[in-house]
Amino acid sequence: MKFGRTLQTGADRIRKRLSLYSDYDHIIPPEIKDEVIRDLASRAEVKTVLEIGSSTGEGSTTAFVSGLRQNANRPTLYCIELSRPRFEALVARYGNDPHVRCFNITSVPIDRYPTEQDVINFYRTRASKMSRIPLREVLRWWRQDVQYLNRTEQGQNGIRKIKEENGIDRFGIVLIDGSEFTGAAELDEVYGADYVLLDDIGTFKNFSNFERLKADPTYRLTATNPELRNGYAVFERLGQAAEEKGPTPAARL
């Protein structure tokens, strides 16, 4: 009996130690390296670019930097990366570039996250590419997000912080490619940007964002490929005439 209790205690200690770590503690390979990003960054008449989910800076960040260096406006690229190891690699790569500013913060606070039940409802009712992944794995992602934020105590509204500290009313270009579960809240914070780029439009991250922007007459879909990995889309904000129409009811959801 004592031996059984010892085994159980040892297993509990191992589980407790392992729970301190998550996917955020590891560097991951880049997923985006796109000519679409590079081309837009080089020609868009903007002053600011926000990249949510920069990782180590080897993917979309590289495409942005390459394009922005050709842009006559010399826009500033603001990079948000929550994972500390990935952020450190990002700073090592671009920390000395005066046109790139890196932030190890959350894009939105934890109270803007969907609930676990929200994720379950999406998984069971929407025909998305997420259905190829077991629900238990999807919920593991959600729980580790919440645990990581609680562990690091990084629950600030990073997007709002960047805007306030730099006098930004509206971003020029925004890429939403951070946490799987913060896309909707992030779009709320950047709505009105001249260009909105969405990655993973086929999963929870940007599924509803794609529908929202597509239904809004103030935005025009300029590029999309739903079959490349989990899909991507690029939207451009139209002029004053379209803005005066206002968003459709679906876009307000």
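Side chains of Trp142 and Asp145 form no contact here, defined as non-hydrogen atoms less than 4.5 Å apart. Side chains of Tyr195 and Tyr219 form no contact here, defined as non-hydrogen atoms less than 4.5 Å apart. Within the 4.5 Å cutoff, side-chain heavy atoms of Leu82 are placed close to those of Thr106. Inter-residue side-chain proximity for Asp97 and Arg69 is flagged as met; some heavy-atom pair is nearer than 4.5 Å.
For CG of Asp111, the number of neighbouring non-hydrogen atoms (other residues, nucleotides, ligands) closer than 6.0 Å is greater than 12.
Salt-bridge formation is not detected for the pair Lys214/Glu211: no Lys NZ or Arg NE/NH1/NH2 atom is positioned less than 4.0 Å from an Asp or Glu carboxylate oxygen. Salt bridge status for Arg160 with Glu164: absent, with no side-chain N to carboxylate O gap under 4.0 Å.
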Determine, stepwise, if the pair Gln117 / Thr115 fulfils side-chain hydrogen bond (donor to acceptor under 3.5 Å, both in side chains).
CA-CA 5 Å; Gln117 191 59 51; Thr115 65; over 6 Å; no

Step-by-step side-chain hydrogen bond (donor to acceptor under 3.5 Å, both in side chains) determination, Arg86 to Asn104
CA-CA 9 Å; Arg86 297 175 204 167; Asn104 183 216; over 6 Å; no

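Side chain of Glu81 to main chain of Ser83: a donor-acceptor pair is present (N/O by atom type, distance under 3.5 Å, no hydrogens or angles). In this structure, the side chain of Thr222 engages the main chain of Val234 through a donor-acceptor pair within 3.5 Å. A donor-acceptor contact shorter than 3.5 Å is absent between the side chain of Glu189 and the backbone of Val108. Between the side chain of Asn71 and the backbone N or O of Ala44, at least one donor-acceptor pair lies under 3.5 Å. At least one donor-acceptor pair closer than 3.5 Å links the side chain of Ser128 to the backbone N or O of Met130. With Asn73 contributing its side chain and Pro75 its backbone, the two residues share no donor-acceptor pair below 3.5 Å. Judged by distance alone, the side chain of Arg220 and the main-chain N or O of Glu236 form no donor-acceptor pair under 3.5 Å.
There is no side-chain donor-acceptor pair under 3.5 Å between Arg126 and Asn121. Arg212 and Asn206 form no side-chain donor-acceptor contact under 3.5 Å, judged by distance and modelled atom types alone.
With Asp200 as the fixed residue, the salt bridge (charged side-chain N to carboxylate O under 4.0 Å, His left out) test singles out one of Arg229, Lys129, Lys205: Lys205. Residue Ile173 is tested with Val196, Ile37, Val46 for a side-chain contact (heavy atoms from CB on, under 4.5 Å); the sole match is Val46.
Remark: Tyr94 pairs with Thr62 by the side chain to side chain donor-acceptor pair (under 3.5 Å) rule, at least two apart or across chains.
Using cut-offs of 30° and 60° on the angle between ring planes, the pair Phe181 and Phe204 is tilted.
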